[in-house]
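A short worksheet on the structure shown next.
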2 protein chains.
Amino acid sequence: MSRLPTVTDVAEAAGVSRQTVSNVLNAPDRVREATRERVSKAIEELGYRPHASARRLRTQTSSTIGIRLDPVSDGISGSILDRFLHALTEQADAVGLRVLLYTALGADDEIRQLARLVDGADVDAFVLTSTYYGDPRTDWLIERGQRFVTFGRPWGINDMTDPAHAWVDVDGRDGVRQATEHLLEAGHRRIGYIGWPSGSGTGDDRHGGWAETLRTASVPDLDGLVERAEDSVSAGTAAMRRLMSRNPGLEAVVTASDGLALGALVAASGTTPVVGFDNTPVAASLGFSSVDQQLTAVASGVLELLTDSTNGPRHRLIAPELVVREETLR
Amino acid sequence: MSRLPTVTDVAEAAGVSRQTVSNVLNAPDRVREATRERVSKAIEELGYRPHASARRLRTQTSSTIGIRLDPVSDGISGSILDRFLHALTEQADAVGLRVLLYTALGADDEIRQLARLVDGADVDAFVLTSTYYGDPRTDWLIERGQRFVTFGRPWGINDMTDPAHAWVDVDGRDGVRQATEHLLEAGHRRIGYIGWPSGSGTGDDRHGGWAETLRTASVPDLDGLVERAEDSVSAGTAAMRRLMSRNPGLEAVVTASDGLALGALVAASGTTPVVGFDNTPVAASLGFSSVDQQLTAVASGVLELLTDSTNGPRHRLIAPELVVREETLR
DNA sequence: TTGTAGGCGTTATCAT
DNA sequence: ATGATAACGCCTACAA
C-alpha cells in the first residue's frame, strides 16, 4: 500500500503546475484543451483521486450528511427507515454526498452527538426522523443555523411552512384514502379501520383518510368500525377480533401499518380483505395489499431540500401509492 | 454560525502554545498537571473540538469504516443486516470510529466504490457482508493491503483461518442444533426441516445442525423430513404443505429463516410448533421461537478484529441463542 | 492560460 | 515541560 498520488505528482507527470491540475478538476473551462487532456491522462495513469480530508479542510465543507440510525425497532415496519436510508445513500452518492451514521440514546444524548459532529466539522447537514413540535433537536439545529431536513412533518407547529424547518413527509391521509376507495370499488361498504391510539399526528392523519372517504360514501355508524391498538401483530389480532365481534357484517379492513394488518389477517384467517400500510416485505411475501410510502421519492425530496439554496418551498408532501395484491393467507 | 474555535484560540486563551494544547489532547503525560488543567478549562470554555478533517489530513487516518448498505432485501429477514449495522454503529462510536455508508450495484461496481473510498482516504477499513470464496472484492482488498473484516465465513476456501481474511460469523449449525434439541426435549420426534436449496455454505451448515441432532437421537428416515425452498413466506407455506402431506405424523418443524417459519405456520394454522431463525421482529410479534444471531456480539467481534493488530486469531465464530416462545398463531 | 504564494487546523520532530 | 517549525494535500486569490 504505497503512498497515494497527490496533485504534485500529477503536475510533475504532466509537466504543469499543481494549480493547473486543480483547475482541470474544478474549473475545466480555464484550461486549454491540449493541457487538459495531458493532465487528464496523467491523472488516469497515476490513478490520482483528490484526498477528501484535505479538500474538506481547505473548503470547510464535509459533503457529508449525518443520520441517526434508530435503535432496533420492534415493530414489523421497522424496515421503513432502513429502506429510506438505503434510498438516501444511493441518491446521495449521485450528488456527491456521503452518509455518516450515528446513534443516540434519547434526545439529550442526540444533541450531544449532533454537537460532536458539527464541532468536528464531520458533517454539514442532518436528516432527522420522527420529529415533533418543540423537538429540542430541531430547536438546537435552528438556533445554530445548521442545515437539516426532517423526514416527517413537525406536527403541532402553527406554521408548517416555516422555512426554518425543512421537511419531507408522506401523505398518509391520501394513502389510506386510496386504500379505502379501493375496497369501496371492490364492492365493500362495511370497511373497518384499525389504527393507533389517537394523539399522534401521523396516526390521526391516516385515520382521517379513512373516515373522510367513508363519510363521503355515506357509510353509517363509523364509530363502531374503528379500533385502536399499539403497533404490533398481536395487538392487531386482538383489535380485529373485537372489530369482528362488534360488526358481524364486517367486509374489509384498512390498517395503519403492516404489523396491524398481519395481526388482522391472522384473526380473520384470511377470509376478510385487509389492507396494510408501508408495503413491507411481509406484505409482499404474504401477498396482501399495502400502501407504499415511496421512499425513493422521499429521499430525493430530502436531498433536494438539502442542496437547494433557492427560495422555493422548504417542504415536500409525497403522494404514496397503493400496491394491490390478492390475499393468500387462507 | 460563527467560526469554530481552533487550537490557536485555545492556546491563546490558556497562554500556551498550540503544541501544548495538542499534547493535552493526545499525550497528557507530557504536560504538567497545572498547565493541563488550565488548557482543559480553556477547551471547555471555548467549546473547542478538534477539526476532524484536519486531524485526518495530518495523521493520514480517517477513523472511519465503510460498509455497504445492500439494496432493499425482499425477504422478511432483511432486517438482520440493519440490526447488525445498528449494533456496529453504536459500538464503533465507543472506540472512536465512524461508520460511512455506500451502495453499489454488483461486485464490479462495488470495487469501484471501494477504490473511491480508499483513494479519497475517506475510509481506512471495510466491513463486508455475504462474501464467498473467490469473491473479487476480498481479493481486491487483500491485494492492496486494505484492512477489512467480513460478516460471514469465506465458504469454500481451503484454509478458513487464513489471517489475510478476517471474518466473524454466527454458528448456524449450532443454532439449528439448539432449536432441534429444544423440540426433542419437548417430546417431539418427527421433526421436519425446511431449508434453502443446497449449495450455499450457510444453508448447508444449518441443515447439518438439524440432521446431526436427529441422527444422534436415532430418528429414522431423515430424508423424508426435509424440504427445500427459496427464502420467502409463500415458498415456506408450499414447503410445509408438501412436508405435511408426506409426513402425516409430523410433530414439529425447524426452519432456516423466520420467513420460512412464518410460511410454515400459516400452512399449519399454528397447530404445529415451528422454530425460525434470525429472531426477527416478526417472530417476536407472532410469538414463535427463533434462533437469535447475537448481532451485538458479531459487531463487537468485527470491531475487535478491525482494531486489534495483535497476532491473535483473525476470526470469531459466535454462538447464537435460541429464544423460546409459545406460538400464538392459532 | 498558467504559475506563485499562502493558509485551512492539526500533529511530529526537534530544539530549548 | 514547553515551544518553534514544518508538513499533511488541497484550493483560492493574485500575479505573470
Side-chain angles (χ1 to χ4, degrees), chain A residues 1-40 42-43 46-63 96 116-122 124, chain B residues 1-40 42-43 46-64 96 116-124:
Chain A
M1 204 175 57
S2 59
R3 210 176 103 282
L4 260 33
T6 75
V7 267
T8 311
D9 299 324
V10 176
E12 273 176 18
V16 297
S17 77
R18 294 182 314 195
Q19 182 47 33
T20 304
V21 177
S22 177
N23 281 339
V24 169
L25 265 51
N26 305 309
D29 319 337
R30 302 199 169 278
V31 68
R32 200 171 41 191
E33 174 77 22
T35 326
R36 194 171 59 219
E37 274 178 15
R38 201 149 37 93
V39 172
S40 300
I43 289 178
L46 272 63
Y48 164 78
R49 209 114 34 162
H51 189 289
S53 289
R55 169 177 278 170
R56 297 210 268 261
L57 173 59
R58 178 60 232 233
T59 60
Q60 299 287 38
T61 85
S62 66
S63 298
R116 279 187 12 156
L117 292 170
V118 169
D119 294 350
D122 259 320
D124 45 33
Chain B
M1 204 176 56
S2 59
R3 210 176 103 281
L4 260 32
T6 75
V7 267
T8 309
D9 300 324
V10 177
E12 272 176 18
V16 296
S17 78
R18 293 183 315 204
Q19 184 49 35
T20 303
V21 177
S22 174
N23 283 339
V24 168
L25 263 52
N26 304 309
D29 318 337
R30 301 199 166 279
V31 66
R32 200 171 42 193
E33 174 76 23
T35 328
R36 195 171 57 218
E37 275 178 14
R38 202 147 39 91
V39 172
S40 300
I43 289 178
L46 272 63
Y48 164 78
R49 210 115 33 163
H51 190 288
S53 289
R55 170 175 277 173
R56 296 211 266 265
L57 173 58
R58 179 61 234 231
T59 60
Q60 301 286 35
T61 85
S62 66
S63 298
T64 302
R116 277 186 15 155
L117 292 170
V118 169
D119 293 350
D122 259 321
V123 148
D124 44 34

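Just so it is clear: chains get the letters A, B, ... in the order the sequence lines come, proteins before strands, and each one is counted from 1. Below, all heavy atoms of this structure are taken into account, side chains as well, without hydrogens, waters or symmetry copies.
- We find that CG of Asp119(A) is positioned 16 Å from C1' of dT10(C), with the value rounded to whole Å.
- OP1 or OP2 of dG3(D) has at least one side-chain nitrogen or oxygen of Thr20(B) nearer than 4.0 Å.
- A heavy-atom distance below 4.0 Å to DNA chain C is reached by these residues of residues 21-36 of chain B, ordered by number: Ser22(B), Asn26(B).
- Side-chain contact between Ser40(B) and Val24(B) is present, with at least one heavy-atom pair separated by less than 4.5 Å.
- Across the protein-nucleic acid pair, Asp9(A) atom CG and dC10(D) atom P stand 9 Å apart, rounded to whole Å.
- The stretch residues 49-60 of chain B comes close to DNA chain D through Leu57(B), Arg58(B), Gln60(B), each having a heavy atom under 4.0 Å from the strand.
- Evaluation of the salt bridge (charged side-chain N to carboxylate O under 4.0 Å, His left out) test over residues 21-36 of chain B, restricted to residues two or more places apart or in two chains, returns Glu33(B)-Arg36(B).
- Under the 4.5 Å side-chain criterion, counting only non-hydrogen atoms from C-beta, Pro50(A) is in contact with Leu25(A).
- Between its opening and closing five pairs, the helix from dT1(C)-dA16(D) to dT16(C)-dA1(D) changes axis direction by 40°, a value rounded to 10 degrees.
- Computed from coordinates, the Glu12(A) CD to dG9(D) C1' distance equals 14 Å when rounded to whole Å.
- Although no hydrogens or angles enter the test, the distance criterion places a donor-acceptor pair under 3.5 Å between the side chain of Thr59(A) and the main chain of Arg55(A).
- A donor-acceptor pair under 3.5 Å is formed between the side chain of Asp9(B) and the backbone N or O of Thr6(B).
- Side-chain contact between Val39(A) and Val31(A) is absent, with no heavy-atom pair separated by less than 4.5 Å.
- Evaluation of the side-chain contact (heavy atoms from CB on, under 4.5 Å) rule for Thr64(B) yields Arg56(B), Ser62(B), Arg98(B), Leu100(B), Val123(B) as partners, not counting sequence neighbours.
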Please report, to 0.1 Å, the donor-acceptor pairs under 3.5 Å made by any side chain of residues 11-18 of chain A, with sequence neighbours excluded.
unit_1, atom_1, unit_2, atom_2, d
Ser17(A), OG, Gln19(A), N, 3.3
Ser17(A), OG, Thr20(A), N, 3.4
Ser17(A), OG, Thr20(A), OG1, 3.4

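- Remark: side-chain polar atoms of Asp124(B) are paired, donor with acceptor, to backbone N or O of Ser63(B) under 3.5 angstrom.
- One can place CG of Asp124(A) at 19 Å from P of dC8(C), the figure rounded to the nearest angstrom.
- Following rounding to the nearest Å, Gln19(A) (CD) and dT4(C) (P) show an atom-to-atom distance of 11 Å.
- Between Leu4(B) atom CG and dC8(C) atom P there is a gap of 14 Å when expressed in whole angstrom units.
- Closest of all the heavy-atom pairs between Leu57(A) and Ser53(B) is N-CB, 4.1 Å.
- Put simply, Thr6(A) has no side-chain N or O that comes within less than 4.0 Å of OP1 or OP2 on dG9(D).
- For Arg18(B) and dA4(D), the CZ to C1' distance is 9 Å, given to the nearest whole Å.
- With contacts defined as side-chain heavy-atom distances shorter than 4.5 Å, the pair Leu4(A)/Tyr48(A) does not qualify.
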